Amino acid sequence: MLEISRIRNEKETIIEGLKKRNIDATETLNQILGLDQEWRATKTQLESISAELNSLAKEIGQLFKEGKQAEANTAKTKTSELKDSESKLKERVDELDKEITQLLYTLPNVPNELVQSGRDEKDNETVFEFGQTPEFNFEPLPHWELAKKLNLIDFELGVKVTGAGFPFYRGKGARLQRALIAFFLDEAHNAGYEEFIPPHVVNEASGYGTGQLPDKEGQMYYIGADDLYLIPTAEVPLTNIFRDVILPDDKFSIKLTGYTPCFRREAGSYGKDVRGLNRLHQFDKVEIVRVEHPDNTAAALEEMIEHVKGLLEKLGLQYRILRLCGGDTGFASAMTYDFEVYSAAQDKWLEVSSCSRFDTFQSNRLKLRFKGADKKTQLCHTLNGSALALPRIVAALLENHQTEEGVVIPEVLRKYTGFDSI
RNA sequence: GGAGAGUUGGCAGAGUGGUCGAUUGCGGCGGUCUUGAAAACCGUUGUACCGAGAGGUACCGGGGGUUCGAAUCCCUCACUCUCCGCCA
């Protein structure tokens with residue numbers, strides 16, 4: 001959520017920035033500023049009436065104490081009129097408050113100056129490429145066929161027990177999952193991230209804190225009996241650790257990591273790119289989350305990108321990094337880099353990681369602040385990234401490292417898997 | 001699931017209708033003393049909003065009510081803890 005103070009001061013900059021998302025925010029911003037003006041005027045009125053009432057109440061108390069009943073009762077009658085207008089003004093202030101917040105919720109984050117304007121994924125810029133497209137002297141199989149042939153993943157069993165998008169991993173397939181999770185967590189640990197095992201369900205306040213609610217309500221599995229939500233990513237519990245927190249400014253940088261299963265309803269996304277592991281309702285992911293002083297955000301994002309690059313290179317996967325254009329950048333993000341690995345057998349690029357800086361957009365909702373040397377509180381910056389999401393990594397590993405004899409496990413994973421091929 | 005107790009400032013913990021944004025202790029910050037530190041002593045120490053400023057308003061788990069006046073009384077919701085039951 002954008003800060004109202006920023007809208008007051010930098011309206012034109014925000015309008016320019018949001019154009020990169022193909023959004024003309026002029027009208028919304030004017031509407032907000034209009035309501036804000038009324039809000040402030042009404043609030044000033046309200047507060048002066050409250051002040052008057054407060055002092056009257058004190059006087060009446062004093063009169064009672066002095067035994068001046070009659071005078072006290074006269075004073076009492078004076079208050080009723082004031083109370084009337086107080087409650088009317090209060091009502092209006094609350095109303096305006098709500099309307100402003102409602103409008104603020106509709107505005108996405110302002111893109112960073114590096115972000116290009118653009119409509120969709122076709123306008124994303126490739127900023128880095130690594131590796132060679134693997135060549136095969138046989139017809140490479142897509143991962144869903146390899147998974148079946150090698151008995152690694154059972155999609156039909158998942159359908160039977162739960163439904164589509166909830167596969168069983170089995171045998172070496174299951175052990176490969178566990179190996180990847182351990183590998184990713186160890187790498188994050190070595191890079192200075194503190195490891196967490198967070199809850200896999202969160203309450204409503206946490207959903208609002210990271211912005212899944214109210215905008216993406218339909219994407220989360222909801223447990224009605226207890227009013228809880230299954231997490232769509234570890235970002236939600238990990239970032240909400242800092243909800244309503246004021247940090248001392250010597251605490252930075254804060255670096256967290258956690259593995260969790262992720263649950264996404266993916267409502268409305270059927271029929272496209274959903275084969276095999278490409279899109280699931282439950283998948284595993286290791287997430288990295290950072291809370292930063294605004295001065296260090298750019299460096300932190302660079303560091304996260306280097307970290308993810310390292311992971312992919314150690315796994316021997318060809319990849320590219322895209323800086324998303326305005327239209328493709330997520331609602332809360334100021335700038336996002338997507339990592340895509342090349343899938344040989346599907347002949348397409350699969351998104352395996354997304355690293356974003358949110359600047360104050362999340363922390364404003366979270367009320368995550370720090371107190372600087374000048375004793376002023378200001379909003380922290382948050383960032384997060386996947387390091388990494390498993391399914392498409394598994395898909396790429398199977399497809400790109402396949403031979404006619406089977407699948408070769410990358411060197412770095414072998415101490416975790418206990419086997420070097422499948 | 002049953003019964004009970006609780007939720008107050010960074011923490012601990014007072015406060016049962018007016019002078020309470022809130023006693024006190026600890027912690028934090030500043031100072032005195034000291035070569036330095038500790039101890040002791042003194043001072044200071046919540047957040048947000050409105051206002052050019054003076055100043056004002058709101059917040060004692062959330063929401064509502066009673067009252068001229070609520071941390072304090074009433075209603076309601078949420079959460080936490082203890083005991084019992086069940087249980088990995």
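This is a predicted model, so every value here is computed, not measured.
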Exercise for review: Determine, using ring centers only, whether A:Tyr337 and A:Phe128 are less than 6.0 Å apart.
Suggested key: no
Review point. With A:Thr360, which of A:Gln378, A:Glu3, A:Arg369, A:Arg365 fulfils side chain to side chain donor-acceptor pair (under 3.5 Å)?
Key: A:Glu3
Send over the distance from [X] [atom1] to [N] [atom2], rounded to a whole Å.
X: A:Leu46; N: B:G51; atom1: CG; atom2: C1'; answer: 14 Å
X: A:Asp244; N: B:G61; atom1: CG; atom2: C1'; answer: 12 Å
X: A:Leu366; N: B:U47; atom1: CG; atom2: P; answer: 19 Å
X: A:Asp94; N: B:U57; atom1: CG; atom2: C1'; answer: 14 Å
X: A:Gln378; N: B:U47; atom1: CD; atom2: P; answer: 14 Å
X: A:Ile246; N: B:G28; atom1: CD1; atom2: P; answer: 19 Å
X: A:Glu59; N: B:U67; atom1: CD; atom2: P; answer: 21 Å
X: A:Leu82; N: B:U57; atom1: CG; atom2: P; answer: 14 Å

For [N], give the paired nucleotide (Watson-Crick: N1-N3 plus N6-O4 or O6-N4; G-U: N1-O2 and O6-N3; both under 3.5 Å), or none.
N: B:G4; result: B:C81
N: B:A39; result: none
N: B:U34; result: none
N: B:A14; result: none
N: B:C59; result: B:G46
N: B:A71; result: none

Study note, to complete from the structure: Assign each of A:Arg8 and A:Ala51 the nucleotide of RNA chain B bearing its closest heavy atom; nearer the 5' end lies the nucleotide of A:Arg8
Revision key, fill the gap. Per nearest nucleotide of RNA chain B, the residue lying toward the 5' end, A:Thr79 or A:Thr377, is A:Thr377
When you check the phosphate oxygens OP1 and OP2 of [N], does a side-chain N or O of [X] lie under 4.0 Å from one of them?
X: A:Arg40; N: B:G51; result: yes
X: A:Arg369; N: B:G46; result: no
X: A:Ser48; N: B:U57; result: no

Counting heavy atoms from C-beta on, name the nucleotide in [options] closest to the side chain of [X].
X: A:Glu47; options: B:U57, B:G69, B:U47; result: B:U57
X: A:Trp39; options: B:C68, B:U47, B:C49; result: B:C49
X: A:Lys83; options: B:C50, B:G56, B:G69; result: B:G69
X: A:Ala57; options: B:G18, B:G51, B:U57; result: B:G18

When the [atom1] atoms of [M] and [N] are compared, how many Å lie between them, rounded to an integer?
N: B:U47; M: B:A22; atom1: C1'; result: 15 Å
N: B:U24; M: B:U80; atom1: P; result: 33 Å
N: B:G64; M: B:G30; atom1: P; result: 42 Å
N: B:G65; M: B:G6; atom1: C1'; result: 23 Å
N: B:G21; M: B:C74; atom1: C1'; result: 24 Å
N: B:U67; M: B:C77; atom1: P; result: 23 Å
N: B:G25; M: B:G62; atom1: P; result: 27 Å
N: B:A3; M: B:C73; atom1: C1'; result: 26 Å

Exercise for review: Check whether the side chains of A:Asn203 and A:Tyr229 place a donor and an acceptor atom closer than 3.5 Å, and report yes or no.
Suggested key: no
Check your understanding: For A:Lys285, which of A:Ile181, A:Thr260, A:Thr233 qualifies under side-chain contact (heavy atoms from CB on, under 4.5 Å)?
Key -> A:Thr233
Review point. Knowing that exactly one of A:Val394, A:Leu146, A:Leu398 qualifies, which makes a side-chain contact (heavy atoms from CB on, under 4.5 Å) with A:Leu152?
Key: A:Leu398
Point to revise | Flag side-chain contact, heavy atom, 4.5 Å: A:Trp144 against A:Leu277 | key: no
Check your understanding: Any side-chain heavy atom of A:Thr210 within less than 4.5 Å of one from A:Arg243?
Key -> no
Exercise for review: Would you classify A:Asn54 as touching base, sugar-phosphate or nothing, given that sugar-phosphate means primed atoms plus P, OP1 and OP2, and contacts are heavy atoms under 4.0 Å?
Suggested key: sugar-phosphate
Exercise for review: Just call it for A:Ala75: base, sugar-phosphate, or nothing, with non-hydrogen atoms closer than 4.0 Å on any strand.
Suggested key: nothing
